[in-house]
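The next block holds one structure in the form of structure tokens; read it before the comments.
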Amino acid sequence: MTALKGRYRIGKRFSFDAAHQLAGLSEGHKCARLHGHTYTVELVLVAEELSAPGFVTDFGDLAPVKEFLDGHLDHRLLNEAVPGEPTSENLARYLAEWFVEHVEPDIGGHLEIVRVSETPSSWAEFEVIRP
């Protein structure tokens, strides 16, 4: 049998509730008003080799993400909790930067994508591009 080359991927979802309002939108735009969402954050990690016993990373090693979301974003006004305009796109990048700095050094695998959903039918993602 021929050995295949490839990469392994895993994903983990988290959720939190928060409010935001988006400045710079036209008058009357519903997102210019203060409103809230139940956000879903999905992380996708990749690895070319598995760590023992056969993981990209142990899902339990992603617990700091839940702790960060609960402690810094859950039931908060995102305009005060994150830098810049709190769009899903900017939130995805913010979470990717935080993850790469605070979680990734201590785990197997590398962050590939952070996807943020404000509703079940819409999402934005930030893809980490490595040199």
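Side-chain contact check for Arg130 versus Val100: some heavy-atom pair is nearer than 4.5 Å. Looking only at side-chain heavy atoms (C-beta outward), Glu104 and His110 come within less than 4.5 Å of each other. With contacts defined as side-chain heavy-atom distances shorter than 4.5 Å, the pair Lys12/Glu42 does not qualify. Using a 4.5 Å cut-off on side-chain heavy atoms (C-beta onward), Leu69 and Lys66 make no contact. For the pair Arg9 and Glu112, the minimum side-chain heavy-atom distance is below 4.5 Å. Counting only heavy atoms from C-beta outward, the side chains of Asp106 and Asp61 never approach each other to under 4.5 Å. Annotation: side chain of Leu45 is in contact with side chain of Ile107 (closest heavy-atom distance under 4.5 Å).
Placement of Val56 and Ile113 in two distinct hydrophobic clusters is found when ILVMFWY residues are connected by side-chain heavy-atom separations under 4.5 Å, directly or transitively. Using a 4.5 Å cut-off between side-chain heavy atoms of Ile, Leu, Val, Met, Phe, Trp and Tyr, with links allowed through other members, Ile10 and Leu111 fall into the same hydrophobic cluster.
Within 6.0 Å of CZ in Phe68 there are more than 12 heavy atoms belonging to other residues, nucleotides or ligands. Open room surrounds CZ on Arg93; 12 or fewer heavy atoms of other groups in view lie less than 6.0 Å from it.
Contact detail for Trp123 and Ser117: the closest heavy-atom pair is CB-OG, 3.3 Å. The shortest heavy-atom contact between Leu50 and Gly54 is CD1-O, 3.7 Å.
One finds no salt bridge joining Glu49 and Lys5 here, because no Lys/Arg side-chain nitrogen approaches an Asp/Glu carboxylate oxygen to under 4.0 Å. Between Arg7 and Glu48 there is no salt bridge, since no side-chain N of the basic residue sits under 4.0 Å from a carboxylate O of the acidic one.
When Thr87, Leu22, Asn90, Leu91 are each tested for a side chain to side chain contact (heavy atoms under 4.5 Å, CB included) with Leu78, only one passes: Leu91.
Remark: side-chain polar atoms of Arg76 are paired, donor with acceptor, to backbone N or O of Gly71 under 3.5 angstrom. With His102 contributing its side chain and Trp98 its backbone, the two residues share a donor-acceptor pair below 3.5 Å.
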